[in-house]
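Read through the structure below, which is laid out as C-alpha cells, and then see the notes.
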Amino acid sequence: MTSPALPGCPTWPEAYAARYREAGYWRSETFGQLLHERAQRHGERTALVAGERRLTYANLDARVSQLAAGFHALGIQARDRVVVQLPNVAEFFEVIFALFRLGALPVFALPAHRASEIGYFCAFTEAVAYVIADKQAGFDYRTLAEQVRGTCPTLKHVIVAGDAGPFTALSSLYAAPTALPPGPAPSDVAFFQLSGGSTGVPKLIPRTHDDYIYSLRGSVDICQLDETSVYLCALPAAHNFPLSSPGVLGTFYAGGTAVLAPNSSPDTVFPIIERERVTITAVVPPLAMVWMDAAKTRRHQLASLRVLQVGGARLSTEAAMRVKPTLGCTLQQVFGMAEGLVNYTRLDDPEDVIVSTQGRPISPDDEIRVVDEDGEDVAPGETGQLLTRGPYTIRGYYKAEAHNAKAFTDDGFYHTGDVVRVTPQGYLVVEGRAKDQINRGGDKVAAEEVENHLLAHPDVHDAAVVAVPDAFLGERTCAFVIARGTPPAPNVLTAFLRQRGLAAFKIPDRVEFVEAFPKTGVGKVSKKALRDVLAGAPSPTPVSRA
Ligand code: OOB
C-alpha cells in the first residue's frame, strides 16, 4: 500500500524501497496497528508507568482510540502537523499514538524549547495544533502558547494536559471511539524529529512508519528486550534516543513495561529503578557521571539494572571503564542520530570493544563511508567524515531543497558531520566533528542559530560561537563577539537571547569580546583559531575577558 509522498519530503528511490521490503526490514506495519496488535497480545501487561498512572496495553490502546476520536472531532486530519511539547507524562504517548492512528504528524519539540523554536516549528510546518503541559519545572507553557498563537495563523488549537486556562483541555477530548477514516500507509511519514543541526534554524526530519519501526525491531533485538523488560525513560521522551533506541517505543514493540521519570536526578530516578525493577535505561555522558557518583552510597537501589546505555555525546574511555564496577550493569554505547543511523555496542561484546568504541550499525544494509575533505574514501581504519545511507536513514529534510543538496550526496548518502574511524571489526569510534555544532552534554547547539540571534542585538557587529572543552558537559558554548563601539555586559547579551525566546541550553555559557576574528586562508572566520584562543594558545587578536 503506497500513497503519494508528502510534498517536501524526499523519499527512498523505488529500487531501494523494494530491496528494504524484500529483505524484510519494512514489513508494512504502522504505529497505530502496532499498539492495537500489542494490546490484543499483551492486554493485561503493564505498558506504561508514569507517576501515579499505570496503564496496561489494553488501557493504553483504549485511551488512544478515545483520543483519536476526540482529535478527529476537533477536525484534525491525516497529514496535519501538530507540534507536541510534552514532558515525560503518560499523555505524551496517548497523544502521539492518537495522532498516528489518524495519520496526523507530530512534530517532536523538546520541553526546553521556547518561543523562538516553537514559533518556528509552528510556522514552518503550518501546524494546526500545539499540545503542551500546563506547567512543568516552574515554567508555564500556556504563556508560551499565547505568544506563539499570535504569530501563527494556521494554528487552530492549543491543547493542554492539565489546567487548560483559555485553551482546550486534553482531558475533554477523550471521546467514545468512532469509526475513523482509513489510517496512514506504512510508507507514509509518521512524524517529524528535529535535527541537532548546524544551520540557522533546526531542520525537520521526516520518519516513516516503515523505517522507524524497522529501527525499533533492530534495536529490540540488539538490546535483547522482551516482555519481561522494564525500560526507564529518564531523558526527555521526545528525543530519538529514549524514544526509539530502543526507548519507550521499542519497549512497546517488545511488549515490555516503559517507566517515565519526571527528571533524571538520582534522587528521583534511583527509587523508581528500585520500585519498578527497571532492567535498562539510557543516559547522556554527564548524567552517567552523576549516577556513578550517587551509586557510591546507593548502589543497592540499582540491583535490577542490567544495561546502562550511554549516548548522545562521546563517553570517555575512562568513564566507560567505571560503569560496570560502579553500577554493576553492562554498559552499552549508543552513537545515533535523529536522521537515522544508530550504532550500538553489543551486550556480549568483549569489554575493550564496549569501553573504547561507539558500536556498530543496527542493519546489515546500513552503508558506511568514511571520506576525506574531497569526498574520497579514506584507507580502511583511517579517520574521516562519516557518510551513511540505509533502510532507516532519511534521504532529505522536510522542505529544505537547497540544504539537502549539500547535506546529502547525489546518491543519497547523509553527511553526518561526525569524524570517525572504523575498527577492523567494523565498530565506529567517534574522533571529532566537522559540523559547526556544539554538543553540550548531548544537547546540540547549532553555532549559526545562536550567532544569528546575537547579530540581532544593536551593539553586536559580528559573532562566532564555538565549543569550549568542559570536564562535566564535554563541551560548553562560548560566543566571541565584535561589538559596535563599547561592548555591552555579557549578561545583557544573554538576557537578550533569553528574551528572544531561545532555549536555555543554547544561551552561551561564556561571552568574549574581541577586536577582530582570526581568518582562514580563504578569508572565513577560523573557528579552530578561536577554539585555540580558549585553549590558551597565543591569541591572534587581542582578547579581553569580559
Ligand atoms: C542522538 O541524536 P541527535 O540527533 O541529537 O544527535 C546526533 C549527533 C551525532 O551526529 C553525533 O554528533 C552526536 O550526536 N552523538 C555522539 C554519540 N551519540 C550521538 N557523539 C559521540 N558519541 C556518541 N555516542 O544524539 C542520538 C540518537 C539516537 C540514539 C543515540 C543518540
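Count residues from 1 along the sequence. Just follow the structure's listing: the first ligand is 1, and inside any ligand the first atom is 1.
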Fill in: Validation row: Leu105, Tyr398 side chains within 4.5 angstrom (heavy atoms)
no
Worksheet item: What part of Asp418 sits under 4.0 Å from ligand 1 if we count only heavy atoms: the side chain, the backbone, both or neither?
Response: side chain
Worksheet item: Out of Gly336, Pro242, Ser215, who gets a non-hydrogen atom closest to atom 7 (C) of ligand 1?
Response: Gly336
Discussion item. Quick check with a 6.0 Å cut-off and a 45 degree axis cone: is Arg217 positioned over the face of Tyr392's six-membered ring?
Written reply: no
Worksheet item: Between Arg369 and Phe413, is NZ or CZ placed under 6.0 angstrom from the six-membered ring centre and within 45° of the ring axis?
Response: yes
Worksheet item: At a 4.0 Å threshold, what atoms of ligand 1 neighbour a non-hydrogen atom of Asn439?
Response: 13 (C)
Discussion item. Quick check against the 3.5 Å criterion: does Gln193 have a side-chain atom that pairs as donor or acceptor with the backbone of Ala338?
Written reply: no
Fill in: Ser363 and Asp365: side chain donor to acceptor below 3.5 Å
no
Worksheet item: To which of Ala338, Ala434, Pro285 does the heavy atom nearest atom 4 (O) of ligand 1 belong?
Response: Ala338
Worksheet item: Between Phe121 and His113, what is the ring plane arrangement, given parallel below 30°, perpendicular above 60°, and tilted in between?
Response: perpendicular
Worksheet item: Just distances here: any N/O of Gly196 and N/O of ligand 1 closer than 3.5 Å?
Response: no
Worksheet item: Are Arg389 and Asp366 close enough for a salt bridge, meaning some N to O gap below 4.0 Å?
Response: no
Item to complete: Please could you name the atoms of ligand 1 that Ser245 approaches to less than 4.0 Å, counting only its heavy atoms?
Response: 28 (C), 29 (C)
Discussion item. Counting only nitrogen or oxygen atoms and a 3.5 angstrom limit, does Val310 reach ligand 1?
Written reply: no
Item to complete: Note the single closest protein heavy atom to atom 23 (C) of ligand 1, along with its residue, its atom name and the distance in Å.
Response: Ala313 O, 3.5 Å
Worksheet item: In the protein, what heavy atom is nearest to atom 15 (N) of ligand 1, and what distance, to one decimal place, separates them?
Response: Gly312 O, 3.4 Å
Response to the item:
Note: ligand 1 atoms sitting under 4.0 Å from heavy atoms of Arg314 are 20 (N), 21 (C), 22 (N)
Worksheet item: Can a non-hydrogen atom of Lys435 be found less than 4.0 Å from any atom of ligand 1?
Response: yes
Worksheet, complete the sentence: Among non-hydrogen protein atoms, atom 24 (N) of ligand 1 lies closest to Val334 O, 2.8 Å
Worksheet item: Among the heavy atoms of Lys444, does any lie under 4.0 Å from an atom of ligand 1?
Response: yes
Worksheet item: Does Lys399 make a cation-pi contact with Phe124, if we ask for NZ or CZ under 6.0 Å from the ring centre and within 45° of the axis?
Response: yes
Item to complete: Considering the heavy atoms of Asn240, write down every atom of ligand 1 situated less than 4.0 Å from one of them.
Response: 27 (C), 28 (C)
Worksheet item: Under 4.0 Å from ligand 1, counting heavy atoms only, is it the side chain of His239, its backbone, both or neither?
Response: side chain
Fill in: Contact list for residues 425-437, test salt bridge (charged side-chain N to carboxylate O under 4.0 Å, His left out), sequence neighbours left out
Asp418-Lys435, Arg421-Glu431, Arg433-Glu475, Asp436-Lys527
Discussion item. Quick test of your reading of the structure: of Gln309, Glu431, Gln437, Met337, whose heavy atom lies closest to atom 2 (O) of ligand 1?
Written reply: Met337
Worksheet entry | Within 45° cone and under 6.0 Å: Arg395 NZ/CZ vs Tyr16 ring | yes
